[in-house]
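Data block below; observations after.
If you're wondering where the values come from, they're calculated on a predicted model, not measured in any experiment.
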Amino acid sequence: MKKVFKILGIFLAILAIVIAIFYYKNNEALPIGVQGKEADNLASKMLTALNYEAYKNTEYFDWCFRDNHHFKWNKLENKVTVSWDNNEVILDTKNPNKSIIIKSEENSTPTKLIKTATEYFNNDSFWLVAPFKVFDSGVKRSIVKHEGKDALLVTYTSGGSTPGDSYLWILDDNGLPKSYKMWVDIIPIGGVEATWNTWITTSTGVMLPTKHTIPLFGVELNMGKVKSSNPKADALAHKILKTIKHDAYKKTRYIEWSFRGRRSYKWDKQKNIVELSGIGNKIIIHPDNMTESKILIKGKEGFEDKSRIISRGLATFNNDSFWLVAPHKLFEPGIIRSIINIDGKDALKVKYTSGGTTPGDSYIWILNEDYLPIKYLMNVPSMKMNRVPATWDDWFVTESGTLLPKNHTFSSGRKLSMGDVKAYN
């Protein structure tokens, strides 16, 4: 028996030595950073890289942590459905006592379930949205040099389940997180690194991670099928389309109008062929097959500088048609819809991530009580426009049954006429 205890003692001693060596080799002291404007600027750069604006406006997030904890987070209403094993709780993150138990295992009390759901949400949501929390109340930001480059050290002095934890964000040149190092209560070794490098851009435009790895421990943290959505914004967009009789627009074949009296259009919408007419000249544009496009000069086809002229004509059409039919384009590919508050009322913000002439532009649609667009605020970075207003006036029902505007007015009082607008089949 003494021999067994002796062997066990030797084994434990060796294990203790191995653990001590492992700890000594991998443990890092918490670095000392410099607080101030530069740290805040680096944090802002990271948020810009991840599209923080889209995060703020996103209504719902869905994910699953390590195939065990399932979440559907209504961020705008501060409620999250947390499911694990045979338990399901609708957690009120602002008022936990208002949380609702949907189902539970035997011998589980409401208090215990709500506490568990809260702990799961605090931990598992951090692995999803931690970068977006760097300006939360109680967060201290500092600059630290890591491998010759600036890294962002954030320390949570309050909030969450483990206040006092620190994270060193390691970023690429664009400010996108690649990994962070952790100094947290639940891990006795300081500076353990976890990856943040499997990003996706979700349907609401926000960037989110799909998994993390902790190389030191050989652990992978899978986030499941990460999704985000804006159902409230989509519902508002559908109300706009109903008001402007979008179903009739989809069936409309021809639309004619002029832009400021300078140029006129006839658009065969079904075949997507555009006739752009100027003084004595005409460009026939086939946006889906530009090689079929042609230029007519006084009735004769011209070839000189054809490619440049046709490309310019298409860009002009994209701009001028936008002033006529933009509200009908709310659900085209590459558009992100979200709701923002303007003067105490819901307004629809649409951002164009692709297509057109200037992807990246966004517009905030101001509506009347019938959901008719009466104004939008233009955000066009290439033209340094920030919430520049323009009205959408004189809507009328066309021959084909859809609604289109005839005029617009800018804040300066300048008018923009669409001429004699027609839509027919």
Side-chain angles (χ1 to χ4, degrees), residues 237-288 293 296 310 312-332 335 348 350 352 355-358 361 363-378 380 388-425:
H238 280 298
K239 289 179 180 179
I240 294 172
L241 294 182
K242 183 177 180 180
T243 293
I244 62 177
K245 302 184 185 301
H246 181 64
D247 284 343
Y249 172 82
K250 290 189 292 184
K251 298 174 183 177
T252 297
R253 176 158 188 183
Y254 297 104
I255 299 179
E256 296 183 28
W257 77 100
S258 64
F259 190 81
R260 286 183 176 171
R262 298 177 182 176
R263 45 192 177 262
S264 300
Y265 294 91
K266 181 177 180 180
W267 179 22
D268 184 336
K269 190 164 67 67
Q270 290 185 11
K271 292 185 177 181
N272 199 19
I273 301 173
V274 181
E275 294 184 10
L276 168 55
S277 302
I279 300 175
N281 302 322
K282 183 182 291 186
I283 304 175
I284 312 298
I285 306 170
H286 293 251
D288 298 329
S293 302
L296 298 177
I310 291 174
R312 184 176 177 181
L314 179 60
T316 302
F317 167 73
N318 287 337
N319 175 79
D320 297 357
S321 63
F322 194 84
W323 285 96
L324 186 71
V325 301
H328 289 284
K329 300 167 73 69
L330 296 178
F331 281 93
E332 288 194 351
I335 294 178
L348 182 70
V350 296
Y352 294 82
T357 307
T358 54
D361 298 350
Y363 302 81
I364 300 171
W365 289 97
I366 312 298
L367 315 171
N368 69 8
E369 62 277 7
D370 297 318
Y371 304 105
L372 182 72
I374 56 175
K375 181 170 69 173
Y376 68 24
L377 308 178
M378 297 178 281
V380 184
V388 175
T391 65
W392 283 66
D393 303 322
D394 304 321
W395 289 90
F396 77 107
V397 179
T398 68
E399 181 183 322
S400 65
T402 191
L403 264 70
L404 294 174
K406 292 182 178 180
N407 295 290
H408 308 280
T409 305
F410 297 95
S411 55
S412 63
R414 183 167 58 93
K415 303 286 186 179
L416 171 57
S417 172
M418 309 306 289
D420 185 16
V421 179
K422 300 176 182 178
Y424 55 94
N425 293 312

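Shown here for Gly313 and Ile283, the closest heavy-atom pair between the two residues is CA-CD1, 4.5 Å. Closest non-hydrogen pair, Tyr363 versus Val380, comes out as OH-CG2, 4.1 Å. When all heavy atoms of Pro287 and Asn272 are compared, the pair lying nearest together is CD-O, 3.1 Å.
Defined by atom type and a distance below 3.5 Å, a donor-acceptor pair is missing between the side-chain atoms of Trp392 and Asn407. Lys375 and Thr391 are not linked by any side-chain donor-acceptor pair at a separation below 3.5 angstrom, with hydrogens and angles left out of the test. Side-chain contact check for Thr402 and Ser400: no donor-acceptor pair (N or O, by modelled atom type) lies under 3.5 Å.
His408 places a side-chain heavy atom less than 4.5 Å from the side chain of Met418. Considering only heavy atoms from C-beta on, Tyr424 comes within 4.5 Å of Glu256 through its side chain. Arg260 has its side chain out of reach of Lys415: every pair of non-hydrogen atoms, C-beta onward, lies at least 4.5 Å apart. The shortest distance between side-chain heavy atoms of Pro405 and Trp323 does not fall below 4.5 Å. In this structure, Phe331 and Leu241 have side chains that are in contact, with non-hydrogen atoms separated by less than 4.5 Å.
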### Task
Walk me through it: do Leu276 and Phe317 pass the test side-chain contact (heavy atoms from CB on, under 4.5 Å)?
CA-CA 8 Å; Leu276 168 55; Phe317 167 73; 5.7 Å; no
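A salt bridge between Glu275 and Lys282 is present, with a side-chain N of the basic residue lying under 4.0 Å from a carboxylate O of the acidic one. Between Arg253 and Asp268, at least one side-chain nitrogen of the basic residue sits less than 4.0 Å from a carboxylate oxygen of the acidic one, meeting the salt-bridge criterion.
With sequence neighbours left out, the side-chain contact (heavy atoms from CB on, under 4.5 Å) criterion links Leu348 to Ala233, Leu236, Ala237, Ile240, Leu330, Arg337, Val350, Trp365.
Here the straight-line distance linking atom CD1 of Ile310 with atom NE2 of His286 works out to 9.0 Å at 0.5 Å rounding. Rounding to the nearest 0.5 Å places CG of Leu404 at 5.0 Å from NE2 of His328. Considering CG of Asn425 and NZ of Lys251, their distance stands at 9.5 Å, rounded to 0.5 Å. Here the CD1 atom belonging to Ile285 is positioned 7.5 Å from the OH atom belonging to Tyr265, to the nearest 0.5 angstrom. The distance from atom CH2 of Trp267 to atom CG of Leu324, rounded to the nearest 0.5 Å, is 8.5 Å. Taken from CZ in Arg262 to OG1 in Thr316, the straight-line distance is 11.0 Å, to the nearest 0.5 Å.
For the pair Lys266 and Tyr254, the cation sits on the ring face: its NZ or CZ lies under 6.0 Å from the ring centre, inside 45° of the axis.
Between Trp395 and Tyr371, the ring centre distance reaches or exceeds 6.0 Å.
For Lys269 (side chain) and Tyr249 (main-chain N/O), a donor-acceptor pair under 3.5 Å exists by modelled atom type. Side-chain atoms of Asp370 do not come within 3.5 Å of backbone N or O of Leu372 as any donor-acceptor pair.
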